[in-house]
Amino acid sequence: MTEHHALKIIEVAVPLPLDATFHYGVPPELVCRMKTGVRVLIPFGRRKITGYMIGNVPESAEKIRDIIDVLDEEPLFTEKELDFLRWSAGYYFHPLGEVIKAALPAGINLASRTRSVETADGTLSREEVLKGGRTVKRETFYRALPDVELPVNLRGKGLRLLEYLRRVDEAPAGLLRREFAATTANFHRLQELGLVEFSEREIYRDPFREEVFTHDAPLVLNFHQAAALEQLTAAGIKEQFAPFLLHGVTGSGKTEVYLQAIAQVLERGRTALVLVPEIALTPQLVRRFKSRFRCGIAVLHSGLSDGERYDEWRRIRRREVSIVIGARSALFAPLSHMGIIVVDEEHESSYKQSEGFHYNARDLALVRGKMEGAVVVLGSATPLVTTYHAVQQGKIGYLQLPERVRNLPMPGTELLDARGRKGATFLPELIKAIGDNLAAGGQTLLFLNRRGFATYLVCEECGTVLSCPNCSVTLTYHRRRERHFCHYCDYSIPAPSVCPKCDSQSIALLGRGTERVEEEVREIYVDARIGRMDRDTTTGRGGHARVLKGLENGTIDILVGTQMIAKGHDFPGVTLVGVISADATLNIPDFRSSERTYQLISQVMGRAGRGDAPGRVLIQTLNPEHYAITRAVAHDFAGFYGDEIIFRRETGYPPFAYLAVLVFSGNSAPEVEKGATTAAALLHRLKREAKSRVEILGPVSSPLAMIRGRYRRQILLKSGQRPELHRMIARFRGQVKLPAVVRIAIDIDPLDML
DNA sequence: AGCACGCCGACT
DNA sequence: GTCGGCGTGCTC
């Protein structure tokens with residue numbers, strides 16, 4: 001409460017899961033430093049935290065406190081950037097303060113914590129400690145003190161924490177919070193008992209390497225590339241929002257189109273943003289850009305240390321760079337005067353942020369492009385069905401590169417019907433094709449998106465299936481290591497010789513992974529040189545490169561691999577691709593599984609036949625109709641713009657499109673009797689009212705305290721923008737007495753909201 | 001989120 | 001008795 005009457009009142013967003021913003025008074029001596037976009041240190045409850053100044057308010061309720069300090073001389077974001085952040089916060093139902101925090105380089109905020117300290121007379125008192133505000137990355141590490149007797153009254157979480165710390169010696173606080181839901185109180189207690197000590201340390205920064213770049217000139221474009229560039233040029237000159245899909249098959253020269261379009265944008269004095277799906281792809285792309293352009297180029301991705309990222313961010317803010325290349329978070333780069341945004345491989349799911357502030361950078365790129373008046377290019381060989389749909393609706397321009405550069409033909413695709421021959425790894429047609437290819441001196445890729453030997457072990461007497469005690473996923477048998485592994489958490493047990501439950505000897509190993517395929521290939525093609533590439537064979541440094549070298553210098557004839565072989569590498573000598581089972585990915589219970597299967601297989605295909613031979617692709621499937629119509633199936637959902645913003649569980653349910661999903665925890669009888677609705681009853685009502693777009697997953701086993709609050713608030717947040725969603729949720733408010741997690745899928749295409 | 005308050009059950 | 005677990009409410 002302010003004594004004097006502050007003349008100026010500002011609106012402040014705080015980086016906490018709260019849907020409201022807060023009003024603060026500004027003491028006269030700070031007024032001149034106050035601008036929209038600066039950070040402010042504010043009293044918040046009993047703490048001091050960093051907030052973001054987002055605007056002035058003429059007057060406010062009388063209960064107002066004053067800010068303590070202004071933390072920046074210059075704003076961290078402009079009004080225009082704030083508009084974009086506001087929009088994003090509304091669209092994804094996420095608190096504005098957290099969205100702003102996510103958009104800024106990490107580790108720059110100040111916050112206070114109260115901490116118990118022992119005073120001179122031996123009593124405990126509370127002391128306030130201001131922390132943070134550095135640009136270097138730091139983390140608190142806890143370590144168990146040795147030879148301390150265990151107090152008998154330590155139980156529950158505290159005990160588990162201590163046991164863990166004694167086992168591993170030392171662990172970062174973040175991990176403990178995540179894995180054990182440890183709270184500050186737990187840490188304090190262990191400390192007070194003298195069981196643990198902590199230290200705060202800087203986490204290493206990777207060194208900055210300087211490279212010398214040769215200068216190269218633009219390449220000559222082929223007909224289709226030139227036509228695409230021409231459309232981009234025409235749109236660019238208008239200097240207003242224009243979205244495009246650049247649909248180019250693998251090896252069609254999309255990057256060269258990006259480069260030349262960007263060159264034009266730079267000539268007009270505007271800037272360019274290039275988003276790439278993975279960090280692994282950044283170095284080679286950056287190298288190509290640095291060779292072409294002499295202007296400043298900034299790189300932003302999660303591999304940078306906080307310090308490095310902060311430096312790149314400041315270079316951008318100061319307009320020292322004209323091109324920014326980076327992963328999804330680069331979308332929030334403080335670039336001004338954007339002329340073009342490129343989203344390379346727009347179908348990649350790594351554009352989705354699925355922790356904290358959930359967003360899809362591909363979608364927000366369109367939104368930002370609209371606000372900046374920029375050309376947006378979504379590039380892909382296998383665009384999202386959603387993007388296709390937008391093209392058909394005339395919402396996005398279509399640029400096609402149907403030919404590979406140097407006019408290499410595309411490989412032919414043949415579907416092989418595996419029905420009735422389920423036990424066989426190879427159909428005769430595939431065996432013959434591999435043999436022919438071997439004889440002709442060509443290389444073969446065999447693709448199966450499942451590693452290990454057998455998918456599961458089942459007892460033929462009692463039906464027991466080995467599964468993971470932590471994840472309840474079936475364990476995969478790995479022959480070389482003679483163990484069964486959980487592919488989620490890496491839990492493993494030695495391979496049993498009898499059923500662990502009934503001691504029966506008739507246990508069967510069913511299903512196949514790459515390890516078994518490799519073995520069978522060796523049996524069939526005794527003279528061939530065979531390699532395998534999956535996570536098990538590429539561990540350690542250079543594991544990747546070793547296998548790829550083998551293909552390159554021709555010491556491998558047949559390579560068996562998982563989706564690892566589909567991404568990022570070109571195999572010039574490969575003239576045959578065999579898909580062992582398209583069904584492995586087709587049967588994943590997700591309404592996008594057919595779309596993903598198509599994308600994955602297209603990518604494997606794209607790797608093949610880049611020499612003078614066109615190459616063949618053979619696809620084995622139990623459901624040729626399904627695969628053949630995969631695009632059509634996916635199109636059923638094309639009208640539905642679906643994108644999850646809260647992921648809790650992805651498994652065990654049939655494909656469906658949904659608007660919202662409620663997950664219940666602890667749906668116990670006593671609670672129901674008190675008048676709460678059962679999950680089943682709610683499901684029925686929701687289905688009726690939301691037109692069958694609703695499914696209930698659950699129950700979840702997360703700590704109840706976490707489920708409460710946070711998610712409940714999210715559904716009520718700013719739903720004014722979605723009246724139909726708001727109405728639906730509101731109807732169940734107050735009825736749902738049980739802790740509920742609500743999963744909301746946004747079904748409004750951002751293009752329609754602009 | 002983090003912090004305080006207030007209510008219950010199992011131990012010095 | 002009182003310590004610690006956890007549910008609840010609040011932050012301009």
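Below, read A as the first sequence line, B as the second, and so on, with proteins coming before strands; counting in each chain starts at 1. Owing to the predicted nature of the structure, the values given are computational and were not obtained by experimental measurement. Basis for what follows: all heavy atoms, side chains included, without hydrogens, waters or symmetry-related copies.
- Using a 4.0 Å cut-off, no side-chain N or O of R46(A) falls inside it from OP1 or OP2 of dG2(B).
- Ionic pairing of R33(A) and D69(A) is present here: one or more N-O contacts between side-chain nitrogen and carboxylate oxygen are shorter than 4.0 angstrom.
- Rounded to whole angstrom, the span from the OH atom of Y52(A) across to the C1' atom of dC12(C) amounts to 17 Å.
- One atom, NE2 of H188(A), and another, P of dG2(B), lie 11 Å apart when rounded to the nearest Å.
- P15(A) comes within 4.0 angstrom of no nucleic acid atom, judged by non-hydrogen atoms across all strands.
- Here R65(A) reaches the OP1 or OP2 of dC12(C): one of its side-chain N or O atoms lies under 4.0 Å away.
- Atom CG in L161(A) sits roughly 15 Å away from atom C1' in dG4(C) (whole-Å rounding).
- F187(A) and F198(A) have their aromatic ring centers separated by at least 6.0 angstrom.
- Rounded to an integer number of Å, the gap from CD1 of I49(A) to P of dA1(B) is 13 Å.
- In this structure, I42(A) places its CD1 atom 13 Å from C1' of dA1(B), rounding to the nearest Å.
- If you check the side chains of S350(A) and E278(A), you find no donor sitting under 3.5 Å from an acceptor.
- Aromatic rings from Y359(A) and F357(A) are positioned such that their centres are separated by under 6.0 Å.
- Among the atoms of the strands shown, base atoms are found under 4.0 Å from some heavy atom of F44(A).
- In this structure, L195(A) places its CG atom 12 Å from P of dG4(C), rounding to the nearest Å.
- Nucleotide dC12(C) holds its C1' atom 14 Å from the CZ atom of R47(A), rounded to whole Å.
- As a whole-Å value, the separation of F22(A) CZ from dT11(C) P is 8 Å.
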